[in-house]
Protein chains: 2
Amino acid sequence: MTKDPYHHGDLAAALVGAALEEVRQVGAEKVSLRGVAATLKVSPSAAYHYFPDKDALLGATGGAVFELFGQRMQEAFESISGDGRQAVEGRLSALAMAYINFARDEPHLFRLAFGAYCVTPIGDKFMDLSEAGLAGTLLIRALDDLQRLGVIAPEARQHGEVLCWSAVHGMATLILEGHISELAVPALLDAIRFALAMDGKVA
Amino acid sequence: MTKDPYHHGDLAAALVGAALEEVRQVGAEKVSLRGVAATLKVSPSAAYHYFPDKDALLGATGGAVFELFGQRMQEAFESISGDGRQAVEGRLSALAMAYINFARDEPHLFRLAFGAYCVTPIGDKFMDLSEAGLAGTLLIRALDDLQRLGVIAPEARQHGEVLCWSAVHGMATLILEGHISELAVPALLDAIRFALAMDGKVA
DNA sequence: GACAGAATCTTTACATTGTTCAGATCAATC
DNA sequence: GATTGATCTGAACAATGTAAAGATTCTGTC
């Protein structure tokens, strides 16, 4: 077995794991440091040897959620194989659906990851999707494929990054907070296809 | 002077006002019921005669923020007069900018209004912008005007509702949480113009 | 104008929380 | 085997949300 830096294993990771599970169930606002410590049968003070305060623990938890989110996005991306037009188009939709589904299935986790607790530092470029994690990279690949196949024009490819990212994220949060019905998702997917002029004009 | 239902005036409204101010400064998470009561020189328990708990007070405060947000949107809409193409196009941009600017200028208020505290009930229709408050109505008017002038096609008009709303809201929250730079805003506005095919083909 | 009752607010109290700090326990090194 | 450093516990403190009971002020009626 691996090293035993503390009596029970790796407390830092265990705390994040327990916090993630509690956030998933009740939401970050209702998570108490004492509670997650108790589930690990550990004194509340023990957490302070790994995190300066509760917010730091939640921040780390948000980071873990972000990784989980990236995994889901990658699964969605890889769920469709092939280089044909249908596959490439399907991949963009699959990404969008996975994004929105994650927000719907795990609202508390989504809020934590994309909320105030996890401030992703922005790089020097005004918008570098690759810095936005795996999800951004996958979107770039999907759009590149679409342009390579001639499904979308270079101009659409260029505008696609902001447009897709903003629109999908916006709809995800609007659904999450109850400002729009989930039934609007197909309409958004249609709108994106329309916006990128993916209306089947190219073989 | 108006009625004096309590010693200081209208405590319910005063509480919401004080809470709004505190939320504006430090954010909803760090607002304490006792604190807002103290700023009004009122006992903490007094608040419980008007709101069942702290969340209810914050919910009402979020409602007030929503109204404020609607006012800002209306000001933006009315800041551009005229029925010409330039005016109508400008109104759409002005709405988008006002939306994003509100999020940037009042991040804590925006988070409260569009966050978990204020769950707007969704009507029967899968997406009724008018139920989303004043902002939705104004977007509808802007899109209608664009179509009437022939700046956008009926299909673009139809897709514009979800697309504009989602994209602008998404960018606002992405900027708010630090996932994207504010410098991406012009790119989004361009992308929306491109998406709706407002590229100057029509006089 | 006085009084009853309702509305409004205060006082007190309690449980829970984040956080600190001094000390106990354990692991590994010399 | 003693020392040292890391790891965790225990007790304690201040702040918070909230409940219950009592005090105060207003309102309307006789």
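To find a chain, count down the sequence lines: A is the first, B the second, and so on, and within it residues start at 1.
Spacing between atom CG of Leu58(B) and atom P of dT16(D) amounts to 14 Å, rounded to whole angstrom units. Rounded to a whole Å, the CG atom of Leu57(A) is 14 Å from the C1' atom of dT17(C). Atom CG in Leu15(B) sits about 13 Å away from atom P in dG17(D), given to the nearest Å. The interatomic distance linking Glu22(B) (CD) with dA15(D) (P) rounds to 15 Å, in whole Å. Atoms CG (Leu11(B)) and P (dT25(D)) sit 16 Å apart, rounded to a whole Å. Straight-line distance from the CG atom of Asp10(B) to the C1' atom of dT8(C): 12 Å, rounded to whole Å. As a whole-Å value, the separation of Tyr48(B) OH from dG22(D) P is 21 Å. When rounded to the nearest whole Å, the span between NZ of Lys54(A) and P of dT16(C) equals 15 Å.
Contact of Ser45(B) with dT11(C) (side chain to base): a donor-acceptor pair of N or O atoms is detected under 3.5 Å.
The salt bridge (Lys or Arg N to Asp or Glu O under 4.0 Å) check on Arg72(B) picks up nothing, with sequence neighbours excluded. The side chain to side chain donor-acceptor pair (under 3.5 Å) test applied to Ser166(A) returns no partner, not counting sequence neighbours.
Within a heavy-atom distance below 4.0 Å of DNA chain D, the residues of residues 26-39 of chain B found are Val31(B), Ser32(B), Leu33(B), Arg34(B).
Remark: the backbone N or O of Val31(B) is paired with a side-chain donor or acceptor of Lys54(B) at under 3.5 angstrom. For the pair Ser181(B) (side chain) and Ala184(B) (backbone), a donor-acceptor distance under 3.5 Å is absent.
Here the straight-line distance linking atom CG of Leu139(B) with atom CE of Met73(B) works out to 8.0 Å at 0.5 Å rounding.
Between Phe110(B) and Tyr99(B), the ring-plane angle classifies as perpendicular under the 30° and 60° cut-offs.
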Before giving the answer on side-chain contact (heavy atoms from CB on, under 4.5 Å), spell out for Phe69(B) and Glu106(B) the whole-Å C-alpha distance, their side-chain angles and the decisive distance to 0.1 Å. CA-CA 10 Å; Phe69(B) 174 74; Glu106(B) 302 288 3; over 6 Å; no

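Nearer to the 5' terminus of DNA chain C, by closest-nucleotide assignment, is the contact made by Asp55(A) (compared with the other of Asp55(A) and His49(A)).
Of the candidate nucleotides dT18(D), dT11(C), dG10(D), dT18(D) has the atom nearest to the side chain of Asp53(B).
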